[in-house]
2 protein chains.
Amino acid sequence: MGNEIALFRSFISKKGLRNTPEREEIIKEIFSSHDHFDVDELYLRLRQKGSRVSKASIYRNIPLIMESCLIREVWHEDGHMHYEHIYGHGHHCHLRCIQCGKVIEFVDQDLFEIEKRLGTKYDFEILEHRLDVIGYCSECRQHAAAAGDRS
Amino acid sequence: MGNEIALFRSFISKKGLRNTPEREEIIKEIFSSHDHFDVDELYLRLRQKGSRVSKASIYRNIPLIMESCLIREVWHEDGHMHYEHIYGHGHHCHLRCIQCGKVIEFVDQDLFEIEKRLGTKYDFEILEHRLDVIGYCSECRQHAAAAGDRS
DNA sequence: ATTATTGTTGAAACTAAATTGCAATAGGAG
DNA sequence: CTCCTATTGCAATTTAGTTTCAACAATAAT
Ligand SMILES: [Mn+2]
Ligand SMILES: [Mn+2]
Ligand SMILES: [Zn+2]
Ligand SMILES: [Zn+2]
């Protein structure tokens with residue numbers, strides 16, 4: 001999978017916009033890792049590799065990368081937005097540890113049933129669902145138990 | 001239901017904090033409507049009723065009101081956080097129209113099954129789930145169809 | 001190849017949400 | 001009532017995100 005660049009290039013061209021080295025650097029850096037990311041992190045990663053791309057350019061290009069369906073917003077945390085890949089990643093939801101921040105991705109077919117049921121009941125044309133399940137992972141629960149904080 | 005005030009009062013006392021007229025005004029105003037709300041809106045509602053409570057006090061008290069389980073964060077939209085009642089409101093999820101902003105609250109028992117399944121599979125102690133289902137409501141779909149935008 | 005058009009860039013200014021420092025005030029325990 | 005210290009309003013600050021602007025560069029036309 002190194003197709004993101006080509007896809008984004010053609011998306012940009014089709015919109016009558018221009019392919020620039022900055023756009024290439026940004027999209028490459030985003031897809032150089034499979035993790036969830038945020039703007040600041042991405043900016044630092046680019047800088048560390050010697051790129052001179054500005055934060056303004058990242059902020060300006062993220063909406064385009066979302067529009068091209070390569071990434072999407074996942075959650076707003078610590079005062080800023082976080083993103084993840086869509087391309088090459090398939091639909092999934094998140095199980096998150098409130099203590100250590102661990103994230104587990106999962107897919108549950110029943111959610112599509114629920115979606116369908118809701119669409120019928122409330123006469124909605126449903127585009128997507130986002131389920132976040134939050135709690136304590138096994139490590140964090142063990143630590144808490146050892147410390148005697150919770151049951 | 002006018003019990004929120006008493007509950008918050010005793011929560012504040014138990015924490016060794018102080019009950020003030022500002023806290024009373026804020027909690028009363030929050031529970032004077034059943035709608036989702038944000039800080040600015042709440043501030044304006046208070047001012048219109050002649051309250052002199054500052055925004056800083058609202059920002060300082062919202063975390064306490066959340067800690068007392070009377071309200072919670074629902075979603076971050078238009079650059080700021082939105083909240084909703086928990087007390088007197090029961091757990092529910094949201095179906096939202098991406099076009100007009102309409103929000104429908106629903107409860108689906110299958111979600112608790114999914115929760116349970118995930119807890120077992122990934123060894124998590126689950127605290128809660130949040131499901132947002134987004135799409136177009138029937139009115140918005142009709143308008144779009146009339147305008148010939150989508151199928 | 002040259003030129004014209006116009007989208008893109010980095011830097012800096014700006015906006016708005018949320019937080020914090022501070023001096024004045026006021027709960028509430030004793 | 002007295003004292004201790006939490007809370008308040010205000011203003012300053014911080015930070016995410018947007019916008020302005022002049023220099024630049026991708027692309028199409030000539
Ligand atoms: Mn993910
Ligand atoms: Mn709700
Ligand atoms: Zn954990
Ligand atoms: Zn609608």
Side-chain angles (χ1 to χ4, degrees), chain A residues 5-6 8-30 36-47 49-68 71-83, chain B residues 5-6 8-30 36-47 49-68 71-83:
Chain A
I5 296 121
F8 190 54
R9 268 179 170 280
S10 79
F11 168 84
I12 288 295
S13 295
K14 262 174 206 147
K15 280 209 92 174
L17 302 178
R18 292 174 185 173
N19 283 293
T20 64
E22 291 82 3
R23 293 202 159 125
E24 195 115 340
E25 287 173 42
I26 291 169
I27 202 82
K28 263 189 192 154
E29 189 53 45
I30 287 174
H36 303 112
F37 66 95
D38 59 55
V39 167
D40 214 63
E41 201 182 300
L42 179 61
Y43 174 69
L44 292 174
R45 276 162 55 192
L46 280 161
R47 290 247 119 194
K49 295 191 182 170
S51 170
R52 313 214 119 282
V53 175
S54 68
K55 258 188 204 177
S57 286
I58 298 179
Y59 277 117
R60 281 189 280 236
N61 279 296
I62 279 190
L64 287 170
I65 307 177
M66 289 200 287
E67 203 186 327
S68 71
I71 63 170
R72 68 167 180 180
E73 299 179 342
V74 257
W75 51 66
H76 195 276
E77 195 176 28
D78 301 323
H80 57 266
M81 190 53 71
H82 293 246
Y83 305 86
Chain B
I5 296 120
F8 190 54
R9 268 177 171 280
S10 78
F11 168 83
I12 288 295
S13 294
K14 261 173 206 147
K15 280 209 94 177
L17 302 178
R18 293 172 183 174
N19 282 293
T20 64
E22 290 82 3
R23 292 201 161 127
E24 196 114 342
E25 286 173 43
I26 292 169
I27 202 83
K28 264 186 191 156
E29 189 53 46
I30 287 176
H36 303 112
F37 66 96
D38 59 55
V39 168
D40 214 64
E41 200 182 299
L42 180 59
Y43 174 70
L44 292 174
R45 275 162 55 192
L46 281 161
R47 291 246 119 194
K49 295 190 181 171
S51 170
R52 312 214 119 280
V53 176
S54 69
K55 256 187 207 179
S57 286
I58 298 179
Y59 277 117
R60 280 189 281 236
N61 278 296
I62 278 188
L64 287 169
I65 308 178
M66 288 201 286
E67 201 186 328
S68 70
I71 63 170
R72 68 169 179 179
E73 298 178 344
V74 258
W75 50 66
H76 195 276
E77 195 177 29
D78 300 324
H80 57 267
M81 189 53 72
H82 293 245
Y83 304 87

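None of the values given here were measured: they were computed from a predicted structure. Excluded from the calculations below are hydrogen atoms, water molecules and symmetry mates; all remaining heavy atoms, backbone and side chain alike, are included. Naming: A, B, ... by sequence-line order, numbering from 1 per chain.
Listed candidates were D/dA26, C/dG27, C/dT9. Nearest to the side chain of A/Pro21 is D/dA26. Among C/dT20, C/dG7, C/dA18, the nucleotide with an atom closest to any side-chain atom of B/Met81 is C/dA18. Residue A/Arg18 places its side chain closer to C/dG7 than to any other of C/dG10, C/dG7, D/dT7. Side-chain proximity of A/Arg60 to the nucleotides D/dA6, C/dT9, C/dA12 is greatest for C/dT9.
When the C1' atom of D/dT8 is taken as reference, atom OH of B/Tyr43 falls 13 Å away, rounded to whole Å. Note: CD (B/Glu22) to P (D/dT7) measures 11 Å, nearest angstrom. In this structure, B/Met66 atom CE and C/dA18 atom C1' are separated by 12 Å, rounded to whole Å. Between A/Arg9 atom CZ and D/dT27 atom C1' the separation is 13 Å, expressed in whole Å. Taking atom NE2 of B/His76 as the reference point, atom C1' of D/dT15 lies 12 Å away to the nearest angstrom. Rounded to whole angstrom, the span from the CD1 atom of A/Ile58 across to the P atom of C/dT8 amounts to 16 Å. The CD1-C1' distance, from B/Ile26 to D/dT8, rounds to 10 Å in whole Å. Remark: P of C/dA16 and NE2 of B/His82 are 15 Å apart, rounded to the nearest angstrom.
Applying the 3.5 Å distance criterion, the base of D/dT7 shares no donor-acceptor pair with the side chain of B/Arg23.
Dashed line: the shortest gap from a side-chain N or O of B/Thr20 to OP1 or OP2 of C/dA26 is not under 4.0 Å. Side-chain nitrogen and oxygen atoms of A/Tyr59 include none within less than 4.0 Å of the OP1 or OP2 phosphate oxygen of D/dT18. Between D/dG9 and B/Ser57, a contact under 4.0 Å exists linking OP1 or OP2 to a side-chain N or O. For the pair B/Asn61 and D/dT8, the criterion of a side-chain N or O lying under 4.0 Å from OP1 or OP2 is met.
Of the residues near DNA chain C, B/Gly79 and B/Ala56, the one whose nearest nucleotide (by heavy atom distance) lies more toward the 5' end is B/Gly79.
Across all strands, A/Asp40 comes closer than 4.0 Å to no nucleic acid atom at all (heavy-atom distances). Here A/Val39 lies out of heavy-atom contact (under 4.0 Å) with every strand.
For the 3.5 Å distance criterion, the side chains of B/Ser57 and B/Glu22 fail to qualify, holding no donor opposite an acceptor.
For the atom pair OH (B/Tyr59) and CE (B/Met81), the distance works out to 10.5 Å, reported to the nearest 0.5 Å. Between atom CZ of residue B/Phe37 and atom NE2 of residue B/His82 there is a gap of 11.0 Å, rounded to the nearest 0.5 Å. Rounded to the nearest 0.5 angstrom, B/Trp75 CH2 and B/Asp38 CG are separated by 11.0 Å.
The aromatic rings of A/His76 and B/His76 sit parallel, their planes meeting at an angle under 30°, below the 60° perpendicular limit.
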